Amino acid sequence: MEIEKYIRDVQDFPKRGVVFKDITPLLSNAEATSYCLEQLTGFCENMAINKVVGIETRGFFFATLMAQKLNAGFIPIRKPGKLPFDTLKQPYTLEYGMDTLEIHEDAISKGDRVLLHDDVLATGGTARAACNLIEKLGGEIVQCNFLIEIEFLKGAQKLNNYEVRSLLTY
């Protein structure tokens, strides 16, 4: 299946000069979504994953589906103030400033085998911060996987200690 045709380029979003990869056309097509789910879970078959972590918010779409398919728990990583219980925080650098991610302190146990998923790997700062949170809680990151990787931004270099898999590369 040519899933590229379901990815829409949006010019100058969220800021001038950025070409945003919009996955909503893909999500609105059941066949394309199903195909992507099969491919993404295929990347990590037989890895005994027991937690799938999704990064807010577009990472939640496939992370929850993968968790169900892998018979694993789903864990959200969110922006500050969005989780209702005690959290662990991790600041990180963006191209245009700083931000913070949070995870519930009891979300991951020592030795949990974790799949980290997000929709897009760009500069890698968000994914790296998420990895730090997972490891601080004692999780073992088995794989970081993404629907899309923007290769020229070299985000995978920030994740060089992990297996990184992407369905599409631009």
Side-chain angles (χ1 to χ4, degrees), residues 1-44 51-70 74-83 87 89-103 114-134 141 143-170:
M1 173 175 273
E2 293 180 44
I3 59 173
E4 296 89 349
K5 70 181 183 179
Y6 297 100
I7 307 296
R8 175 175 36 216
D9 284 350
V10 180
Q11 301 292 327
D12 298 322
F13 183 84
K15 66 177 194 164
R16 189 168 186 76
V18 173
V19 179
F20 184 82
K21 298 295 186 189
D22 181 13
I23 67 169
T24 56
L26 184 145
L27 295 170
S28 73
N29 182 287
E31 185 181 353
T33 298
S34 181
Y35 175 82
C36 290
L37 177 60
E38 292 300 318
Q39 298 301 307
L40 290 167
T41 54
F43 289 157
C44 53
K51 298 283 173 70
V52 178
V53 172
I55 301 174
E56 182 172 323
T57 52
R58 291 180 309 272
F60 294 174
F61 301 131
F62 281 103
T64 55
L65 295 172
M66 285 190 289
Q68 183 178 14
K69 191 162 180 66
L70 295 168
F74 168 72
I75 307 298
I77 286 185
R78 304 215 52 198
K79 302 248 169 106
K82 302 288 186 177
L83 293 171
T87 61
K89 298 171 182 7
Q90 179 68 50
Y92 65 102
T93 304
L94 298 165
E95 311 87 284
Y96 44 85
M98 294 286 297
D99 209 344
T100 302
L101 293 177
E102 295 183 351
I103 190 170
V114 178
L115 167 65
L116 175 66
H117 175 77
D118 203 0
D119 65 325
V120 176
L121 173 60
T123 63
T126 306
R128 180 70 244 182
C131 289
N132 291 346
L133 287 170
I134 293 163
I141 299 166
Q143 185 183 95
C144 299
N145 85 22
F146 305 89
L147 183 62
I148 298 168
E149 179 181 351
I150 312 297
E151 199 169 37
F152 79 92
L153 294 174
K154 303 183 186 309
Q157 290 178 2
K158 290 187 179 158
L159 304 173
N160 61 5
N161 294 332
Y162 312 103
E163 178 182 345
V164 175
R165 298 290 304 267
S166 302
L167 192 53
L168 292 173
T169 303
Y170 289 92

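Please read these numbers as outputs of a predicted model, since none were measured by experiment.
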From [X] [atom1] over to [Y] [atom2], what is the distance, rounded to the nearest 0.5 angstrom?
{"X": "Leu101", "Y": "Lys89", "atom1": "CG", "atom2": "NZ", "value": "11.0 Å"}
{"X": "Ile148", "Y": "Ile150", "atom1": "CD1", "atom2": "CD1", "value": "6.0 Å"}
{"X": "Leu65", "Y": "Phe60", "atom1": "CG", "atom2": "CZ", "value": "13.0 Å"}
{"X": "Thr64", "Y": "Ile75", "atom1": "OG1", "atom2": "CD1", "value": "12.5 Å"}
{"X": "Cys144", "Y": "Asn161", "atom1": "SG", "atom2": "CG", "value": "10.0 Å"}
{"X": "Thr169", "Y": "Glu4", "atom1": "OG1", "atom2": "CD", "value": "9.5 Å"}

Exercise for review: Take Asp22 and Asp9 through the test side chain to side chain contact (heavy atoms under 4.5 Å, CB included) and record every step on the way to the result.
Suggested key: CA-CA 6 Å; Asp22 181 13; Asp9 284 350; over 6 Å; no

Review point. Is the shortest side-chain N to carboxylate O distance from Arg58 to Asp118 below 4.0 Å?
Key: no

Exercise for review: Determine, step by step, whether Glu102 and Arg78 satisfy the salt bridge (Lys or Arg N to Asp or Glu O under 4.0 Å) criterion, reporting the C-alpha distance in whole Å, the side-chain angles of both residues, the deciding distance to 0.1 Å, and the verdict.
Suggested key: CA-CA 5 Å; Glu102 295 183 351; Arg78 304 215 52 198; over 6 Å; no

Using side-chain heavy atoms (C-beta onward) and a distance below 4.5 Å, is [X] in contact with [Y]?
{"X": "Ile7", "Y": "Tyr170", "answer": "yes"}
{"X": "Leu147", "Y": "Ile23", "answer": "yes"}
{"X": "Leu26", "Y": "Ile3", "answer": "yes"}
{"X": "Glu149", "Y": "Arg165", "answer": "no"}
{"X": "Tyr6", "Y": "Thr24", "answer": "no"}

Exercise for review: Apply side chain to side chain contact (heavy atoms under 4.5 Å, CB included) to the pair Phe61 and Leu27, showing each step before the final yes or no.
Suggested key: CA-CA 8 Å; Phe61 301 131; Leu27 295 170; 3.4 Å; yes

What is the minimum heavy-atom distance between [X] and [Y], and which atoms define it?
{"X": "Tyr92", "Y": "Lys79", "value": "OH-CE, 4.3 Å"}
{"X": "Ala127", "Y": "Leu116", "value": "O-CD2, 3.8 Å"}
{"X": "Ala130", "Y": "Ile55", "value": "CB-CD1, 3.7 Å"}
{"X": "Leu121", "Y": "Gly124", "value": "CD1-CA, 3.7 Å"}
{"X": "Pro91", "Y": "Met98", "value": "CB-CE, 4.1 Å"}
{"X": "Leu83", "Y": "Ile103", "value": "CD1-CA, 3.7 Å"}

Exercise for review: For side chain to side chain contact (heavy atoms under 4.5 Å, CB included), just list the numbers for Gln39 and Cys36, CA-CA rounded to whole Å, side-chain angles, deciding distance to a tenth of an Å, and then say yes or no.
Suggested key: CA-CA 5 Å; Gln39 298 301 307; Cys36 290; 5.7 Å; no

Check your understanding: Does a sphere of radius 6.0 Å around CD in Glu38 hold more than 12 heavy atoms from other residues, nucleotides or ligands, not counting ones at 6.0 Å or beyond?
Key -> yes

**Study point:** Gln68, CD atom: more than 12 neighbouring heavy atoms under 6.0 Å
**Key:** no

Check your understanding: Is the NZ or CZ atom of Lys51 both under 6.0 Å from the centre of the six-membered ring of Phe74 and within 45° of that ring's axis?
Key -> no

Between the main-chain N or O of [Y] and the side-chain N or O of [X], is there a donor-acceptor pair closer than 3.5 Å?
{"X": "Thr41", "Y": "Lys69", "answer": "no"}
{"X": "Ser34", "Y": "Ala30", "answer": "no"}
{"X": "Glu56", "Y": "Ile77", "answer": "no"}

Practice item. Step by step, work out the side chain to side chain contact (heavy atoms under 4.5 Å, CB included) result for Phe43 and Leu115. Key: CA-CA 10 Å; Phe43 289 157; Leu115 167 65; over 6 Å; no

Exercise for review: For Gln143 and Asn145, test the side chains for any donor-to-acceptor distance below 3.5 angstrom and give the result as yes or no.
Suggested key: yes

